[in-house]
Amino acid sequence: MGLLRLYNARLCFLLALGLMGPMPLIVRAEAKVPAKSQQHKQSGVSKPTSKKRTVCRLFYQDRATQTVKWADVRKGKTLTLESPAVLDAFPKLDAESQNLVQMEQSLETLMVGVRDQEGGQNQSGWVFFDSGVKAESHGNHSHWYYKKQPKVIESRLDTAQGNPAHLYCYQGVFYLANDRNSGYTRLDPQLYRNDPQAKVRTGFHRGGGNHITLAVAAGITGYSTWIDGGGPQKGMVDVTRILPEGNEQVAYSFALPTGAIHGATVCEGKVFFAPADGICWCEADLNPLPGSQSKVKVQYLSLGEDAETKKPERTGAFVTQRHFVCFVSGKGASARLCLLNAKLDEPALTSVPLKMDEGNSPAGLEVIKTAWGKRLAFVFHNHPQELDQTEYLSLIDLDPNADLDFQDAKLLKQVKVGPSKVEGHYGHHAITFDQAGRYAFWTEPGTGMIQALSLKSLEPVGSFLVSGVPTKVIVVGQQDRRD
């Protein structure tokens, strides 16, 4: 009789499961778990299983709380994002009066700038942190480990940091622009890797001012700009020798034909600038001596003029891919991706129309060489919040015939994306890629989503709902592939 009751109970249980049907798929990255379990989730990293491998570790800025959050991307049958957590010991910022600005990575460390709304008099500066990811080199490849959780190495937030806006990484070294201090801070993460217990060493370099953009040539020479559109600093570029301990002495300065410089980079021994009119460049000086400004020969390239305002076209930032300088210009129907071959004595302009709707402007340009050898560029169509229309992501094939010459670059497709949440310089979409070039991840600030895209099929492979307003995003590492 007891056996019969047990049999009937098991039968009822199986029938109930059948009536319930399959369990729904949870797409929210921050899983709905009890508070105790959620706390446990945030305090450690779950161990990978044979069924799920870690693809990379993702870091994003939450504009709603002014924090950096992180989570591992895992792969089983599909991609999943673990529950994001605020970085341990991350400084508590005032979301009403402080902003996270640019963020970069090098040697599995990251650095992020902090800007305040009081001209640097209310705790501005930077945060330097370890991703917790370990890359173990095996000659022609590396193995990747995700056993440790991220940690803050050091932060400097006070009234002496000059209210930074821009952060750069050249030759693996971080350079933070201290706008109000008319200079920039150098931080080499290799020193931390060599001795993790040592105090973080930085070096302040004099040069530039008000809203600094910066190019560093071969780790030797810094070209720091002034934003001024008029007056004695109009179009001014300060040239300073880079030293590990810093350098208070500007070697020399020179001026571009126009001011309002907002962009600088180095490629193929040339330094490129983005002033109010077109593009300027000069040869990089790798031995900057005082009084050498007379040997600087500034070259100029027009980008045309706006058809409506008749003002010169310009850009505001650069990225590089091989020997090409890449940037965006224009808006609406005239928006385009521009490419300059820096190897040429006189770089010629190649343009790819981006076919944007009226009111949209190109933003968030990033480039990648994929695991399958394709060189791609990604550009968002962004607009102010008050404009109610669809936003897109343009995908451009930089080298369709794979001859390493981007003259045949063409628009591949446009992908509909969730809205941005633009407030001045903040709230734009951002995109990043895993180390192997297999996946792209982008943020949608207006929906609180992070999307994943296969760089092989160029089709979506994941959609993750996170809390807050995700903006800048960086991933560290790649899926480990055992020998």
Side-chain angles (χ1 to χ4, degrees), residues 102 104-105 168-169 263-268 272 274 279 301 303 313-343 347-357 360-382 391-417 420 428-444 451-460 472-475:
Q102 293 181 337
E104 298 290 342
Q105 68 160 314
Y168 299 91
C169 187
T265 196
V266 176
C267 189
E268 293 295 322
F272 293 82
I279 302 294
L301 175 69
L303 297 178
E313 293 280 19
R314 66 165 303 165
T315 189
F318 301 107
V319 297
T320 59
Q321 171 63 214
R322 287 184 59 83
H323 53 279
F324 283 85
V325 177
C326 313
F327 55 95
V328 293
S329 186
K331 60 185 177 181
S334 67
R336 55 184 168 157
L337 171 68
C338 301
L339 308 166
L340 291 175
N341 185 344
K343 275 190 173 181
L349 184 67
T350 298
S351 295
V352 181
L354 296 177
K355 302 177 181 178
M356 294 189 177
D357 293 335
N360 278 289
S361 298
L365 168 66
E366 295 290 350
V367 296
I368 182 67
K369 179 184 177 184
T370 74
W372 298 273
K374 296 296 293 182
R375 299 175 193 277
L376 303 175
F378 296 78
V379 181
F380 291 99
H381 305 203
N382 277 185
E391 296 181 59
Y392 296 91
L393 172 64
S394 287
L395 281 65
I396 301 97
D397 187 344
L398 293 174
D399 190 15
N401 65 1
D403 66 351
L404 302 182
D405 186 343
F406 295 175
Q407 288 189 13
D408 56 339
K410 65 178 183 179
L411 180 66
L412 277 181
K413 64 190 296 188
Q414 290 183 344
V415 178
K416 186 183 293 186
V417 299
S420 56
H428 292 278
H429 297 97
I431 192 167
T432 189
F433 315 98
D434 72 307
Q435 191 83 15
R438 294 179 180 274
Y439 299 100
F441 301 88
W442 74 78
T443 57
E444 296 177 350
Q451 307 287 355
L453 182 87
S454 165
L455 291 176
K456 182 177 183 181
S457 67
L458 301 183
E459 295 295 333
K472 176 65 178 179
V473 61
I474 286 178
V475 297

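Since the structure is predicted, the reported quantities are computational estimates derived from the model, not experimental observations.
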| CG-NZ distance between Asp405 and Lys343, expressed to the nearest 0.5 angstrom | 10.0 Å

| query | Hey, what do you get for CG (Leu398) to CD (Gln407), rounding to the nearest 0.5 Å? | reply | 13.0 Å

| Considering all heavy atoms of both residues, which atom of His429 and which atom of Val417 are nearest to each other, and what is their separation? | NE2-CG2, 3.7 Å

| remark: Value for OG1 (Thr350) from CG (Leu340), rounded to nearest 0.5 Å, stands at 8.0 Å

| said: Just verifying a value: how many Å separate Asp399 CG and Arg322 CZ, rounded to the nearest 0.5 Å? | reply: 8.5 Å

| query | Given Val367 and Ile396, is the side chain to side chain contact (heavy atoms under 4.5 Å, CB included) satisfied, shown in steps? | reply | CA-CA 9 Å; Val367 296; Ile396 301 97; over 6 Å; no

| message | Under a 3.5 Å distance rule, please check whether Asp408 uses its side chain to pair with a backbone N or O of Asn401 as donor and acceptor. | response | yes

| Around Lys413, counting heavy atoms of other residues, nucleotides and ligands shown, do more than 12 lie under 6.0 Å from its NZ? | yes

| query | Hey, are the side chains of Glu444 and Ser420 touching, using non-hydrogen atoms and a 4.5 Å cut-off? | reply | no

| Can you find a pair of side-chain heavy atoms, one from Val473 and one from Trp442, that are under 4.5 Å apart? | no

| Of all heavy-atom pairs between Gln414 and Leu354, which one has the smallest distance, and what is that distance? | NE2-O, 2.8 Å

| task | Report yes if some heavy atom in the side chain of Leu411 is under 4.5 Å from a heavy atom in the side chain of Pro353; otherwise report no. | result | no

| query | Between Glu391 and Asn382, does a side chain to side chain donor-acceptor pair (under 3.5 Å) hold up when you go through it step by step? | reply | CA-CA 6 Å; Glu391 296 181 59; Asn382 277 185; 3.1 Å; yes

| said: If I take atom CG from residue Leu365 and atom OG from residue Ser394, how far apart are they, to the nearest 0.5 angstrom? | reply: 11.0 Å

| query | Under the criterion side chain to side chain contact (heavy atoms under 4.5 Å, CB included), which of Thr432, Ile474, Leu453 is the partner of Phe441? | reply | Thr432

| Distance-minimising heavy-atom pair for Pro347 and Leu301 | O-CD2, 4.2 Å

| said: Using the rule given for side chain to side chain contact (heavy atoms under 4.5 Å, CB included), can you reason through Phe433 versus Leu455, listing the C-alpha separation, both sets of side-chain angles and the distance that settles it, and then say yes or no? | reply: CA-CA 9 Å; Phe433 315 98; Leu455 291 176; 4.1 Å; yes

| query | Quick one: are Val325 and Ile279 in side-chain contact, heavy atoms under 4.5 Å? | reply | no

| query | If you measure from the Lys or Arg side-chain nitrogens to the Asp or Glu carboxylate oxygens, is any gap between Lys331 and Glu313 under 4.0 Å? | reply | no

| field | His381 and Ser361, any side-chain heavy atoms less than 4.5 Å apart | value | no

| field | Step-by-step side chain to side chain contact (heavy atoms under 4.5 Å, CB included) determination, Ile368 to Arg375 | value | CA-CA 6 Å; Ile368 182 67; Arg375 299 175 193 277; over 6 Å; no

| So, for Leu339 and Cys326, which heavy atoms are closest and what is the spacing to 0.1 Å? | CD2-SG, 3.6 Å

| Does the side chain of Lys456 reach to within under 4.5 Å of the side chain of Arg438, using non-hydrogen atoms? | no

| request: Return the set of residues passing ring pair (Phe, Tyr, Trp, His ring centres under 6.0 Å) with Phe406 (not counting sequence neighbours), or none when no residue passes. | output: Phe324

| Any side-chain heavy-atom pair of Phe380 and Ile431 under 4.5 Å | yes

| Side-chain heavy atoms of Phe327 within contact of Leu337, under 4.5 Å | no

| field | Working for side chain to side chain contact (heavy atoms under 4.5 Å, CB included), residues Val415 and Leu395 | value | CA-CA 8 Å; Val415 178; Leu395 281 65; 3.9 Å; yes

| Between Ala335 and Met356, which heavy-atom pair has the shortest distance, and what is it? | CB-SD, 3.7 Å

| field | Listed partners of Asp397 passing salt bridge (Lys or Arg N to Asp or Glu O under 4.0 Å), at least two apart | value | Lys374

| task | Kindly give the heavy-atom pair with the smallest separation between Phe272 and Cys267, and that separation in Å. | result | CE1-O, 3.9 Å

